[in-house]
Amino acid sequence: MRTNARSLSTLASALLLAASTATMPGCTPRDQNTPPPKVKDQACQGPATTVTVFVEYDGTVATTRNKTVYVCEGKDSVEWVSCDGEVSENISWKNGSPFAEAPKHETPNKRNVLKSKPPKAGTAGKGFDYTLEFVPTSGKPVPIDPRIVIMP
């Protein structure tokens, strides 16, 4: 009896892919249809989206998997989400902010989600470095330093 090895390997690959794209433990996605992170060559195709930056904490260092976030000028927004504490509104922009308004918590009692408005006009083609504070549930603020690139 012969088995179809290709089908088994395809199934295994699909299961691994699904497991690797699952949300972080303890986090509930805000929207079950959250799109994957945007990539530079396809950043502005399709409708406006909210690009989610998950903040992870290992007990000493706070990191993000997508160090560079690509968003469309005047179209997309960014949200920073943490399952292990709060994301502070204390953002330090190295060369100015791409947003007309500072990112804010959507609701005062939900401090683990910080959300921006779409980037302002005139920011396309530029990168914005910043430091954002993450406040773990059991400690003092820890800086994270991803980058936002605005696409036309």
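Along the sequence shown, residues carry numbers from 1. Atom set for the values below is all heavy atoms of this structure, side chains included, hydrogens, waters and symmetry mates excluded.
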Taking the inter-plane angle between the rings of W93 and F128 on a 0 to 90° scale, is it parallel (under 30°), tilted (30 to 60°) or perpendicular (over 60°)?
perpendicular
Does a side-chain N-to-carboxylate-O contact under 4.0 Å join E86 and R111?
yes
Could you tell me how the ring of W80 sits relative to the ring of Y130: parallel (under 30°), tilted (30 to 60°) or perpendicular (over 60°)?
perpendicular
Could you tell me if the side chain of N90 sits less than 4.5 Å from the side chain of L132, heavy atoms only?
no
Please name the pair of heavy atoms, one in A48 and one in D76, separated by the smallest distance, quoted to 0.1 Å.
CA-OD1, 3.4 Å
With heavy-atom distances below 4.5 Å as the criterion, would you say the side chains of K94 and T131 are in contact?
yes
Shortest non-hydrogen contact between V81 and V87, atoms and distance:
C-CG2, 4.4 Å
With a 4.5 Å heavy-atom cut-off, do V142 and P136 have their side chains touching?
yes
Heavy-atom side-chain proximity of I150 to F99 below 4.5 angstrom
no
Is a side-chain donor or acceptor of E73 paired with a backbone partner of M151 at a separation under 3.5 angstrom?
no
Is the closest side-chain heavy-atom distance between E106 and L114 below 4.5 Å?
no
Distance-only polar pair, side chains of E79 and T50, donor-acceptor under 3.5 Å:
no
Tell me, yes or no, whether the heavy-atom count around N95 atom CG, taken from other residues, nucleotides or ligands under 6.0 Å, exceeds 12.
no
Identify the heavy atoms of P152 and G125 that sit nearest to each other, and give their distance.
CD-N, 4.4 Å
Mind listing the closest non-hydrogen atom pair of S88 and V135 along with its distance?
CB-CG2, 4.5 Å
How about R65 and E56: do any of their side-chain heavy atoms sit closer than 4.5 Å?
yes
Go through the steps to decide whether D58 and T60 satisfy the test side-chain hydrogen bond (donor to acceptor under 3.5 Å, both in side chains), and finish with yes or no.
CA-CA 6 Å; D58 70 0; T60 56; 3.1 Å; yes
Classify the side-chain pair T68/N66 by whether it contains a donor and acceptor separated by less than 3.5 Å.
no
How long is the span from the OH atom in Y57 to the SG atom in C83, to the nearest 0.5 Å?
15.0 Å
H105 side chain near E89 side chain, heavy-atom distance below 4.5 Å:
yes
Nearest 0.5 Å, please: how far is NZ in K126 from CD1 in I148?
14.5 Å
Please check if any side-chain donor atom of T107 sits under 3.5 Å from a side-chain acceptor atom of N109, or the reverse.
yes
Side chains of I144 and V55: closer than 4.5 Å at any heavy-atom pair?
yes
Enter the distance from F134:CZ to T63:OG1 here, rounded to the nearest 0.5 Å.
9.5 Å
Might you point out which heavy atoms bring V71 and P119 nearest each other, and give the distance in Å?
CG2-CG, 3.7 Å
Separation between OG1 (T49) and NZ (K75), nearest 0.5 Å, reads 7.5 Å
Pair S77, S116 - check side-chain hydrogen bond (donor to acceptor under 3.5 Å, both in side chains), show working.
CA-CA 5 Å; S77 60; S116 77; 5.0 Å; no
